[in-house]
S.K.: 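Input: one structure, supplied below.
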Amino acid sequence: MDFFPALTDDHRRFVARQPVFFVATAAEGARINLSPKGMDSFRVLDPKTVAYLDLGGSGNETNAHLGADGRITIMFCAFDQPALIFRIYGKGRAVLPQDDGWADLYAQFTPLPGTRQIFVIDVDEVQTSCGWGVPFMTLDRERQTLSKYYARQTDAERIEELAGPTASIDGLPVRLGTVLPDRVGA
């Protein structure tokens, strides 16, 4: 197990090859939330800053937890060779389409239907470990279900969906989007 104060070029290359990552957050008095993420949604902005494009499709626990506590862990693991588990520890925040800086941040990503917000993480530390217990697996293809679902929605339906729920499953407040991501500055 090795710790680093920031992402190296080797870390950046490893992250770019991974088709899935996992996000863990918690807040005092709330359950731990752990979610898998995929699609082309993760970016290393610089050695001390990473971000990911968050789509709707489930609750909004990460938003609530980051608003209450800020702590977040991102984990990548190799399902091919060489074996590796890579964790990013930091403090995160939600950037919503109506927030200052959205347009510049959103320009770092390929737009995806259903985008709700971008989580920006200030990296405290990164850690690598062997990953020898992780099985070999291959990616057949990305699921298209979520993209197709959001592509069929009208703007009014999308705004209605962005308006709720207003609290996490543990009752913590959630910051909600009020503007569609691709309508900012339009």
S.K.: Search all heavy atoms of Thr8 against all heavy atoms of His11 and return the closest pair with its distance.
M.R.: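 Scanning both residues completely, I find the closest heavy atoms to be N-ND1, 2.9 Å.
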
S.K.: Ion pair present between Arg158 and Asp155, side-chain N to carboxylate O less than 4.0 angstrom?
M.R.: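 Salt bridge: no.
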
S.K.: Grouping I, L, V, M, F, W and Y whenever their side-chain heavy atoms are under 4.5 Å apart, do Leu66 and Val95 come out in a common cluster?
M.R.: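 Leu66 does not cluster with Val95.
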
S.K.: Please find the pair of heavy atoms, one from Ala151 and one from Pro113, that lie closest to each other, and give the distance.
M.R.: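 Here Ala151 and Pro113 meet closest at N-CB, 4.1 Å.
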
S.K.: Could you report the tightest heavy-atom contact between Val179 and Leu162, atom names first, then the distance?
M.R.: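 Shortest heavy-atom contact: O-CD1, 4.1 Å.
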
S.K.: What side-chain hydrogen bond (donor to acceptor under 3.5 Å, both in side chains) pairs are there with at least one residue in residues 14-27, not counting sequence neighbours?
M.R.: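 Passing the test, one end in residues 14-27: Thr25-His65.
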
S.K.: What pairs with Phe109 under ring-ring contact (aromatic ring centres under 6.0 Å, His included), at least two apart in sequence or on another chain?
M.R.: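 Partners of Phe109 under the ring-ring contact (aromatic ring centres under 6.0 Å, His included) test: none.
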
S.K.: Would you sort out whether Leu55 and Leu146 count as a side-chain contact (heavy atoms from CB on, under 4.5 Å), showing the intermediate values?
M.R.: CA-CA 9 Å; Leu55 282 65; Leu146 195 61; 3.9 Å; yes

S.K.: Run the side-chain contact (heavy atoms from CB on, under 4.5 Å) check on Leu7 and Phe14 step by step: do they pass?
M.R.: CA-CA 10 Å; Leu7 282 83; Phe14 173 77; over 6 Å; no

S.K.: List for me each residue that meets side chain to side chain donor-acceptor pair (under 3.5 Å) alongside Arg116, sequence neighbours excluded, and say none if there are none.
M.R.: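 Checked Arg116 against side chain to side chain donor-acceptor pair (under 3.5 Å); matches are Asp54.
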
S.K.: Let me have the donor-acceptor pairs involving side chains of residues 118-145, under 3.5 Å, with sequence neighbours excluded, atom names and distances please.
M.R.:
| residue | atom | partner | partner atom | Å |
| --- | --- | --- | --- | --- |
| Gln127 | OE1 | Arg87 | NH1 | 3.2 |
| Gln127 | OE1 | Tyr89 | OH | 2.9 |
| Glu142 | OE1 | Met39 | N | 3.3 |

S.K.: Sequence neighbours excluded, which residues qualify as side-chain contact (heavy atoms from CB on, under 4.5 Å) partners of Ala6?
M.R.: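 For Ala6 the side-chain contact (heavy atoms from CB on, under 4.5 Å) partners, ignoring immediate neighbours, are Pro47, Lys48.
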
S.K.: Given side chains that start at C-beta, do those of Ile169 and Arg31 come closer than 4.5 Å, heavy atoms only?
M.R.: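 Yes; the side chains approach each other to less than 4.5 Å.
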
S.K.: Show your reasoning for whether side-chain contact (heavy atoms from CB on, under 4.5 Å) applies to Val15 and Arg12.
M.R.: CA-CA 5 Å; Val15 164; Arg12 185 185 292 247; 5.9 Å; no

S.K.: Could you tell me whether the side chain of Pro36 reaches within less than 4.5 Å of the side chain of Phe21, counting heavy atoms only?
M.R.: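 Phe21 vs Pro36: side chains apart.
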
S.K.: Which residues pass the salt bridge (Lys or Arg N to Asp or Glu O under 4.0 Å) test with Asp80, not counting sequence neighbours?
M.R.: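 Salt bridge (Lys or Arg N to Asp or Glu O under 4.0 Å) list for Asp80, sorted by chain: empty.
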
S.K.: Does CG in Asp46 sit with more than 12 non-hydrogen atoms of other residues, nucleotides or ligands closer than 6.0 Å?
M.R.: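 Buried by this count: over 12 neighbours within 6.0 Å.
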
S.K.: Please answer: with hydrophobic residues joined when any side-chain heavy atoms are less than 4.5 Å apart, are Ile88 and Val20 in the same cluster?
M.R.: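 As far as the 4.5 Å side-chain criterion goes, Val20 and Ile88 are not connected within one cluster.
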
S.K.: Just wondering, more than 12 heavy atoms not from Lys148 lying within 6.0 Å of its NZ?
M.R.: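 Open.
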
S.K.: With a 4.5 Å limit on heavy-atom distance, are the side chains of Leu53 and Asp40 in contact?
M.R.: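 No. Closest side-chain heavy atoms not under 4.5 Å.
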
S.K.: Excluding sequence neighbours, so at least two apart, what forms side chain to side chain donor-acceptor pair (under 3.5 Å) with Thr166?
M.R.: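 Testing Thr166 for side chain to side chain donor-acceptor pair (under 3.5 Å), a comparison that skips the adjacent residues, returns none.
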
S.K.: If hydrophobic clusters are built by linking Ile, Leu, Val, Met, Phe, Trp and Tyr wherever their side-chain heavy atoms come under 4.5 Å apart, do Leu112 and Phe42 end up in the same one?
M.R.: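 No; tracing contacts between hydrophobic side chains, which count when under 4.5 Å, never links both residues.
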
S.K.: Going by side chain to side chain donor-acceptor pair (under 3.5 Å), Asn63 matches just one of Arg93, Gln117, Arg175. Which one?
M.R.: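 Of all the options given, the one that passes is Gln117.
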
S.K.: Checking one residue: Leu176. Which other hydrophobic residues are in its cluster under the side-chain 4.5 Å linking rule?
M.R.: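 ILVMFWY cluster around Leu176 also holds Val174.
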
S.K.: Are side-chain heavy atoms of Thr62 and Asn33 found at a separation under 4.5 Å?
M.R.: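 Of all side-chain heavy-atom pairs linking Asn33 with Thr62, at least one is under 4.5 Å.
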
S.K.: For Tyr149, check side-chain contact (heavy atoms from CB on, under 4.5 Å) against everything at least two apart and list the hits.
M.R.: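 Partners of Tyr149 under the side-chain contact (heavy atoms from CB on, under 4.5 Å) test: Arg152, Gln153, Glu161.
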
S.K.: Below 3.5 Å, can you tabulate the donor-acceptor pairs from side chains in residues 69-78 to any protein atom, sequence neighbours excluded?
M.R.:
| residue | atom | partner | partner atom | Å |
| --- | --- | --- | --- | --- |
| Asp69 | OD1 | Arg71 | NE | 3.4 |
| Asp69 | OD2 | Arg71 | N | 3.1 |
| Asp69 | OD2 | Arg71 | NE | 2.6 |

S.K.: What pair of heavy atoms forms the shortest contact from Ala94 to Asp99, and how long is it?
M.R.: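 Nearest pair, atom of Ala94 first, then Asp99: O-OD2, 3.8 Å.
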
S.K.: Which hydrophobic side chains are connected to Leu96, either touching it within the sub-4.5 Å cutoff or through other members that do?
M.R.: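 Joined to Leu96, directly or through intermediates: none.
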
S.K.: So which pairs with a foot in residues 55-66 pass salt bridge (Lys or Arg N to Asp or Glu O under 4.0 Å), sequence neighbours left out?
M.R.: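 Sorted pair list comes back empty.
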
S.K.: Kindly check if the number of other-residue, nucleotide or ligand heavy atoms within 6.0 Å of CD (Glu160) is above 12?
M.R.: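 Check fails, neighbour count at 12 or below.
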
S.K.: At their closest point, which heavy atom of Tyr106 faces which heavy atom of Thr115, and how far apart are they?
M.R.: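 Heavy-atom minimum between the residues: CE1-CG2, 4.0 Å.
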
